[in-house]
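Atom set for the values below is all heavy atoms of this structure, side chains included, hydrogens, waters and symmetry mates excluded.
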Amino acid sequence: GESPEILSQGNIWRTADMSTFVSVGNALQPFDRLLRGVEAIAAQLPQPVVLQHGATEWRSEVCETIDYLEMNEFMDYVMNSELLIMHAGAGSIIHAVDAGKIPVVVPRRSSLGEHVDDHQFEFCRELKQASRVIVCGEIEDLAGCVMRAIEGQCDNSFGIKPPHIVSLVHEVIQGHVRDHGEKEVKE
């Protein structure tokens with residue numbers, strides 16, 4: 001079927017200063033499922049679309065690509081992009097939400113060879129209560145999740161961010177660490 005139009009007519013006037021930043025993080029496993037999903041809807045996303053593809057070998061005709069970013073460059077993209085689509089790395093999510101953004105978060109899955117375990121998937125299940133994160137479990141739902149993020153971002157154009165999200169993310173991480181006997185996560 002045809003993908004839904006992501007930018008409604010009412011938002012077209014804002015496209016001049018919009019852009020999309022996609023990050024798969026620094027994991028050694030490829031995450032081409034997310035990159036393919038973004039490319040399939042790239043024409044409908046705020047432009048330009050910048051893909052940080054990490055260890056995934058990736059070339060694109062429709063998106064700008066970058067393999068890795070220094071932290072200050074990553075933060076520039078997070079701050080200056082209208083739309084964020086990212087893997088479910090806790091650090092990435094915290095930076096995005098702390099910047100007042102509503103990221104679309106796609107967890108990596110171990111069964112697809114995208115990570116060593118399913119901690120991102122479990123992490124997202126815990127985060128569903130946070131209205132500042134849109135979890136996209138299935139790549140077929142990406143267009144709809146993006147639409148919800150853009151609408152939420154427009155509603156939140158004054159940069160208001162609930163302070164509880166960072167503590168919520170930290171609580172989820174600490175709970176996961178306790179349950180799995182790993183080292184304590186520092187703030």
Side-chain angles (χ1 to χ4, degrees), residues 1-93 95-97 99-116 120-121 124 133-154 157:
E2 197 168 314
S3 296
E5 184 174 317
I6 292 174
L7 292 174
S8 68
Q9 288 303 109
N11 291 331
I12 293 299
W13 64 274
R14 298 187 66 202
T15 58
D17 60 352
M18 286 183 166
S19 63
T20 300
F21 176 54
V22 181
S23 176
V24 303
N26 300 324
L28 298 175
Q29 297 80 6
F31 199 12
D32 52 339
R33 178 172 61 101
L34 173 58
L35 299 174
R36 276 196 312 269
V38 169
E39 285 215 333
I41 62 170
Q44 303 165 40
L45 299 176
Q47 300 293 318
V49 178
V50 178
L51 298 177
Q52 179 267 316
H53 57 87
T56 308
E57 291 289 324
W58 202 260
R59 295 188 199 287
S60 177
E61 299 291 321
V62 293
C63 304
E64 296 177 21
T65 59
I66 214 161
D67 55 359
Y68 294 99
L69 293 164
E70 296 292 326
M71 181 52 83
N72 61 330
E73 296 172 307
F74 174 82
M75 288 306 300
D76 281 347
Y77 278 107
V78 167
M79 295 295 294
N80 296 315
S81 296
E82 179 70 17
L83 174 66
L84 300 175
I85 302 172
M86 41 188 44
H87 77 138
S92 298
I93 294 172
H95 288 303
V97 173
K101 307 292 180 164
I102 300 173
V104 173
V105 178
V106 182
R108 290 171 174 263
R109 292 189 177 162
S110 62
S111 62
L112 301 175
E114 296 168 347
H115 219 315
V116 294
Q120 287 197 353
F121 196 75
C124 283
V133 175
I134 294 174
V135 177
C136 179
E138 300 298 330
I139 214 69
E140 298 77 29
D141 300 332
L142 188 59
C145 290
V146 163
M147 200 177 325
R148 285 173 42 216
I150 289 174
E151 287 167 0
Q153 211 62 46
C154 292
S157 57

Taking every non-hydrogen atom, the tightest pair across [X] and [Y]:
{"X": "Gly25", "Y": "His87", "value": "CA-NE2, 3.5 Å"}
{"X": "Met86", "Y": "Ile93", "value": "SD-N, 4.3 Å"}
{"X": "Arg33", "Y": "Pro107", "value": "NH2-O, 3.2 Å"}
{"X": "Cys63", "Y": "Ser60", "value": "N-OG, 2.9 Å"}
{"X": "Ala149", "Y": "Ile102", "value": "CB-O, 3.7 Å"}
{"X": "Val49", "Y": "Pro46", "value": "CG2-O, 3.6 Å"}

With side chain to side chain contact (heavy atoms under 4.5 Å, CB included) as the criterion, how do Val24 and Leu35 come out once you've worked through the C-alpha distance, each side chain's angles and the decisive distance to 0.1 Å?
CA-CA 8 Å; Val24 303; Leu35 299 174; 3.9 Å; yes

Verify, without hydrogens or angle tests, whether [X] (side chain) and [Y] (backbone) share a donor-acceptor contact under 3.5 angstrom.
{"X": "Arg108", "Y": "Gly89", "value": "no"}
{"X": "Gln47", "Y": "Ala42", "value": "yes"}
{"X": "Thr65", "Y": "Arg59", "value": "no"}
{"X": "Lys101", "Y": "Leu83", "value": "no"}
{"X": "Glu82", "Y": "Ser19", "value": "no"}

What is the ring orientation for Phe21 with Tyr77, classed by angle as parallel under 30°, tilted 30 to 60°, or perpendicular over 60°?
parallel

Distance in Å, [X] [atom1] paired with [Y] [atom2], rounded so as to fall on 0.5 Å steps:
{"X": "Asp67", "Y": "Gln52", "atom1": "CG", "atom2": "CD", "value": "8.0 Å"}
{"X": "Arg36", "Y": "Leu34", "atom1": "CZ", "atom2": "CG", "value": "10.0 Å"}
{"X": "Phe74", "Y": "His95", "atom1": "CZ", "atom2": "NE2", "value": "6.5 Å"}

Applying side-chain contact (heavy atoms from CB on, under 4.5 Å) between Thr20 and each of Ile41, Val50, Val104, Ile85, report the one that passes.
Ile85

